[in-house]
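Quick caveat, the model's predicted, so the values are computed rather than measured. What you see below is based on every heavy atom in this structure, not just the backbone, and it leaves out hydrogens, waters and symmetry mates.
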Amino acid sequence: MANLTLKQLRYFEALARHGHFGRAADVCSISQPALSMQIKELEESLGTELFERGTRQVRLTSFGEAFALRVRDILRSVDELGDLARASQDRLVGRLRLGVIPTIAPYFLPQIIGDLTRMHDGLDIHIRETLTSKLVQELADGRLDAAIVALPVSEPSLTEVALFSENFVLVRPSEDEGKPVPNREALREMRLLLLEEGHCFRDQALSFCNMRSMLPRELLDGSSLSTLVQMVSAGIGVTLIPEMAVSVETRSASVSVARFNTPQPSRTIGMIWRRTSPLAKQFLEISEIVRQSADAMREQYDLVPASLRLSN
């Protein structure tokens with residue numbers, strides 16, 4: 001068998017991940033015919049096919065699936081060799097592939113990126129926004145360096161560092177301003193708007209309402225916090241959002257925002273990365289900057305106009 005090249009393995013991994021020659025070629029910054037040729041040469045070297053080729057999509061063969069697992073391990077190890085060299089430097093420089101969940105990214109990213117680039121001028125930040133389950137998988141595959149998520153993730157292969165905690169608040173139609181804040185039992189009888197399946201924030205809200213083992217009377221799903229708030233503004237129901245989202249999502253919506261009585265629903269935000277990463281020390285330094293960014297956001301929140309402040 002001829003020697004395999006890292007370039008071929010990276011092309012293979014991209015095609016295995018995207019299942020489409022055109023998208024994989026775009027990711028690899030080469031032409032589709034060139035990618036197809038490299039994959040064909042790889043298959044000839046191995047003496048077997050790696051993909052089943054359809055008209056619109058390609059799928060891994062059974063051998064291709066087993067091969068993909070080994071390839072991801074190899075590419076991750078190669079990347080960590082580069083990280084080992086970066087770890088010898090005093091500061092983190094170069095590419096930082098950072099994942100963030102959707103209920104944090106729109107509200108927290110501007111502050112984080114601004115602070116990181118100011119304190120690490122040699123940092124090239126690449127952001128990936130998606131659900132926690134995908135971020136965890138991409139960390140395991142070596143496609144991300146670190147991620148900011150809601151804890152706990154409870155993956156033995158990952159290091160978790162708590163950054164800060166924040167409360168959830170109730171968003172209801174503006175005509176409900178001043179009414180008593182419903183408790184969790186009362187919420188179960190209301191039309192509750194939540195994020196669609198897969199979002200950890202949905203699970204946290206259901207847990208607060210004690211709805212894990214039962215179906216609420218009326219439960220409607222939305223794809224984003226913005227959609228949920230606008231649905232509340234239209235009088236469709238009520239929802240919960242994290243405190244960091246209040247100033248952004250309610251400024252153009254006719255809604256009332258209120259805190260729950262103690263104990264308030266909350267979540268812990270943290271940063272995660274692979275335990276095997278040579279950059280653990282640098283990631284700890286990055287996590288401290290992120291924690292400071294969160295503190296700065298809280299100070300900014302105190303300056304929010306009175307019309308957007310939370311009622312009790």
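Looking at heavy atoms from C-beta onward, E288 lies in side-chain contact with R291 at the 4.5 angstrom threshold. With contacts defined as side-chain heavy-atom distances shorter than 4.5 Å, the pair E155/L139 does not qualify. Inter-residue side-chain proximity for E160 and P152 is flagged as met; some heavy-atom pair is nearer than 4.5 Å. Using a 4.5 Å heavy-atom cutoff, the side chains of L75 and R72 are not in contact. Side-chain contact check for T132 versus F201: every heavy-atom pair is 4.5 Å or farther apart. Considering only heavy atoms from C-beta on, M190 stays 4.5 Å or farther from L170 through its side chain. The shortest side-chain heavy-atom distance between I269 and V290 does not fall under the 4.5 Å cut-off. Between V149 and V136 there is no side-chain heavy-atom pair separated by less than 4.5 Å.
Closest of all the heavy-atom pairs between L240 and A205 is CD2-CB, 4.2 Å. Nearest heavy atoms, T103 versus P242: O-CG, 4.1 Å. Between L225 and A245, the closest heavy-atom pair is CD1-CB, 4.1 Å. The nearest pair of heavy atoms linking L193 to T239 is O-OG1, 2.6 Å. A pairwise comparison of heavy atoms in S287 and V161 identifies OG-CG1, 4.1 Å as the closest pair. The shortest heavy-atom contact between E43 and L50 is OE2-N, 2.8 Å.
Taking the charged nitrogens against the carboxylate oxygens, E13 and R17 do have a contact shorter than 4.0 Å, which makes a salt bridge. Comment: R202 does not engage E196 in a salt bridge, judged by the lack of any side-chain N to carboxylate O separation of less than 4.0 angstrom. Remark: D73 does not engage R70 in a salt bridge, criterion side-chain N to carboxylate O under 4.0 Å. Checked for salt-bridge contact, R95 and D79 miss the test: no charged N lies under 4.0 Å from a carboxylate O.
Residue pairs meeting the ring pair (Phe, Tyr, Trp, His ring centres under 6.0 Å) criterion with at least one partner in residues 252-293, sequence neighbours excluded, are F208-F260, W273-F283.
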Solution key, residues 28-38 side-chain donor-acceptor pairs under 3.5 Å, sequence neighbours excluded:
from	atom 1	to	atom 2	distance (Å)
S31	OG	A34	N	3.2

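Tested against L98 for a side chain to side chain contact (heavy atoms under 4.5 Å, CB included), the candidates I148, D145, I113, L123 yield a single pass: I148.
In this structure, the side chain of S207 does not engage the main chain of D203 through any donor-acceptor pair within 3.5 Å. A donor-acceptor pair under 3.5 Å links the side-chain atoms of S233 to the main chain of S254, judged by distance alone. In this structure, the side chain of R97 engages the main chain of G142 through a donor-acceptor pair within 3.5 Å. Using modelled atom types, no side-chain atom of R128 and backbone atom of L135 make a donor-acceptor pair closer than 3.5 Å.
S165 and S266 form no side-chain donor-acceptor contact under 3.5 Å, judged by distance and modelled atom types alone. Side chains of T276 and R76: no donor on one and acceptor on the other come within 3.5 Å.
In this pair, F12 and F51 present their aromatic rings tilted. The plane angle is within the 30 to 60° band.
No more than 12 heavy atoms of other residues, nucleotides or ligands lie within 6.0 Å of CZ in R59, so this atom counts as exposed by the packing criterion.
Atoms CD and CG, from Q137 and L144 in turn, are 10.5 Å apart once rounded to the nearest 0.5 Å.
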